[in-house]
Asker: 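One structure, pasted below without further comment.
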Amino acid sequence: MTRRTRLGAVGLASLALLPVGLFVGSVGLEPGEVVRVLTGGGSATHRDLVLGFRLPRLLLASILGGGLALAGATFQALLRNPLAEPYILGVSGGAAVGAVIVLALGLTTLASWTLPLAAFAGALLAIAVVFRVATAAGRALDVRVLLLAGVVTGAFFSAVISFILAVSDARTVRSAVLWMMGSTAGADWQTVAVAAAYTLPTALVLIGLARPLNTLAVGEETALYLGTDVERVKRIAFAAASLVTAAGVAVAGVIGFVGLVVPHALRLVVGSDLRILLPLCFLVGAAFLTTADTLARVLLSPTEIPIGVVTAFVGVPIFLVLLRRSTFR
Amino acid sequence: MGRCRAPVSVGLLLTLAACAGEGDPPGDATGSAPDTASVVLTSFGGASLRIATPVERIVALVPSASETLLLLGAGDQLVGRTDYDTAQVMADLPSVGGGLQPNLEILVTLEPDVVVAFAGESDVRTNQVLSEFGIPVLLVRPSRIDDVREMIRELGLLTGAEPQAADLIASLDGALSEVSAAAEALPAVRFAYLLGGTPPLAAGPETFLSELAEVAGGVNVLDDLGALYAPVSPEVLVDRPIDVILMTEGSQVDARILEDRRRARLPSWVELPGPSLGEAAWEVARALHPELRGGRP
């Protein structure tokens, strides 16, 4: 298969997988009934199920999956490190601290938006700290310092979480652990709107930066000689990718493996040109996470499996097979 | 054991301690000399252990076991507590921290004659260390009402308070049959018991919470839940016909699931699987049948 046909096959398969979650779920609905609801008919309960639960959930999973895969590919290019993933700059730790504080103080009973808001604030705090450290070391943004600052900040936040949980009651621990496992079960139109507002514009910005990011992936000095405004590109790309991750964590908790596995797998299939890779990452990330979410709802129904478990169970074997077949670049 | 196949680690949950281990080490049961008085106890899962009597120093890592021991009049034998024991009489006892992964240094220094611990895989190390120190461990796992009866019986044996234990079980059973009789004339109520979270954690049919509601004329709509407690897809909760959603006070549940449905919040002590289950059954009965409110205690 040529690269072009592989590209087409991956794209088509992803498009085909995207709507499956509307038709399949923990409750058995006839496909015809789903179509009736979508065309304005159907019973009240079915309308509730499809339009109130499945559709927002499908959209949220698409936005999150796309955003995480895109952020992962961006971080891998910027940090020139194959282990980079969306949470590498301590975003998940910061968000979790915000969430755990809200849970420990019992503030979730005040309003449902207190938890996502606190998680978002925590994520932004983490980003701010890491950036301050990385830029304070010199006028330029040093990616090695950024990476180290991110990992260390993440470790600090983990310690804060462990401390808070150690002195909390059983109910707080239970809620916090369930939150940290990540889930799209809380998706409604409001969370979809928030996630879309943060993710879609920033995704476009990142995809627009594909060409300079390509030169950066070779090396900062080379990029500079090729006429790239290295500092500006780095700052915008880091900020955009972090923002996408922060918004995702705020509405659905920490969902692992998408940001790591999807970009690498695609690189093995279609090569590492970011002009193709970044938009494809968004599409495949979206299809991957909606599929994982559907499996999470269906496999042990009525029980729901944490989505992070499914992304790992599905993503890791596929990735290992691809890795074995190809030479890692 | 096929009973517990929770996909998530609900083991961190004190009241919902995780899967049972078969053949857990029963502790060092051979330490007692044959000529001294002793009692043979049965841990959850069937392992037996021999403990020299009288037992003078007890630490219970299971809050409902501490509550039971207090009601059996064995409060003086308790030499430690966990952070989850809230009884005023235990406030001055040294705490070993949580019931799972307790502070072993403090626990061993308390020199207990016996430790009452959760049965299961969630804290294997504590049981290992205790048996290395020659401290016998009685394993309990109050998941169902029957397990609670068993726990009360064993703790009665342990403290030489068998008559009191029999009384506690009798009054528990008495309350359960009263509740059952009161609910008999009333229509069955379909319920889901949600412990909060997203997706919401729900009580399956093999939990004491579900059993209490069934005694009170309830029908658990999540009777196909495999695990004791498991997160349930919101779709399922919207789709199934539910007359009332039972929730603990302070827990957070998606408003779209609660929409247009009767809901009842239960005090958090209802979730403590001990001798108070009789009163808990009345609370649950009143939550299921508003017409019972104001009728009985």
Side-chain angles (χ1 to χ4, degrees), chain A residues 25-29 44-46 48-50 52-54 56-57 102-103 106-112 114-115 165-179 181-189 191 251-253 293 296-307 309-310, chain B residues 5-17 63 82-84 86 97-101 103 192 195-202 204 221-227 229-241 248-257 259-260 265 268 271-272:
Chain A
S26 350
V27 173
L29 280 187
T45 311
H46 291 169
D48 255 8
L49 280 181
V50 176
F53 284 89
R54 286 192 188 174
R57 197 162 170 166
V102 163
L103 288 170
L107 299 177
T108 43
T109 44
L110 295 182
S112 58
T114 47
L115 195 146
L165 292 186
V167 297
S168 298
D169 61 14
R171 179 166 310 130
T172 303
V173 176
R174 177 168 77 199
S175 309
V177 171
L178 284 176
W179 183 84
M181 280 198 263
S183 172
T184 56
D188 55 20
W189 290 105
T191 50
V251 295
D293 193 41
R297 283 181 293 152
V298 173
L299 287 181
L300 286 184
S301 173
T303 299
E304 224 173 79
I305 311 169
I307 191 169
V309 172
V310 183
Chain B
R5 46 189 169 88
V8 291
S9 165
V10 256
L12 35 91
L13 238 175
L14 273 179
T15 46
L16 317 178
T82 69
D83 288 344
Y84 299 95
T86 48
L100 296 170
Q101 277 100 41
N103 184 321
L195 294 96
T198 309
L201 195 68
V221 299
L222 297 169
D223 59 344
D224 51 346
L225 215 59
Y229 299 89
V232 172
S233 197
E235 269 183 36
V236 172
L237 291 168
V238 167
D239 181 59
R240 295 196 180 173
T248 330
E249 56 189 0
S251 62
Q252 176 82 20
V253 174
D254 196 325
R256 292 171 297 167
I257 295 169
E259 224 168 63
D260 305 331
R265 289 200 178 268
S268 56
E271 289 180 13
L272 193 70

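Below, read A as the first sequence line, B as the second, and so on, with proteins coming before strands; counting in each chain starts at 1. No hydrogens, no waters, no symmetry mates; every other heavy atom, side chains included, goes into these values. This structure is a prediction, so every number in the text was calculated from the model and none was measured.
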Asker: Heavy-atom pairs under 4.5 Å with chain B are the metric here; pick the option from A:Gly253, A:Ala187, A:Ala296 that has the most.
Answerer: A:Ala187
Asker: Looking only at heavy atoms, which two atoms of A:Ala185 and B:Pro234 are closest? And how far apart?
Answerer: O-CG, 3.8 Å
Asker: If you compare all heavy atoms of B:Glu235 against all heavy atoms of A:Val27, which two are closest, and at what distance to 0.1 Å?
Answerer: OE1-N, 3.4 Å
Asker: State the CG-CZ distance between B:Asp254 and A:Phe53, to the nearest 0.5 angstrom.
Answerer: 5.5 Å
Asker: Please flag which part of A:Ser183 lies under 4.5 Å from any non-hydrogen atom of chain B: side chain, backbone, both or neither.
Answerer: side chain
Asker: Could you state the interatomic distance from OG1 (A:Thr303) to CG (B:Asp224), rounded to the nearest 0.5 Å?
Answerer: 8.0 Å
Asker: Can you name the salt bridge (charged side-chain N to carboxylate O under 4.0 Å, His left out) partners of A:Arg57, sequence neighbours left out?
Answerer: A:Asp293, A:Glu304
Asker: Restricting to non-hydrogen atoms, name the atom on A:Gly186 and the atom on B:Thr198 that form the minimum distance, rounded to 0.1 Å.
Answerer: N-CG2, 3.3 Å
Asker: To the nearest 0.5 Å, how far apart are CG in B:Asp239 and OG1 in A:Thr45?
Answerer: 7.5 Å
Asker: Measure B:Gln101 against the heavy atoms of chain A and call it side chain, backbone, both or neither at under 4.5 Å.
Answerer: neither
Asker: Please list, chain by chain and in numerical order, all residues satisfying salt bridge (charged side-chain N to carboxylate O under 4.0 Å, His left out) with B:Arg265, sequence neighbours excluded.
Answerer: none
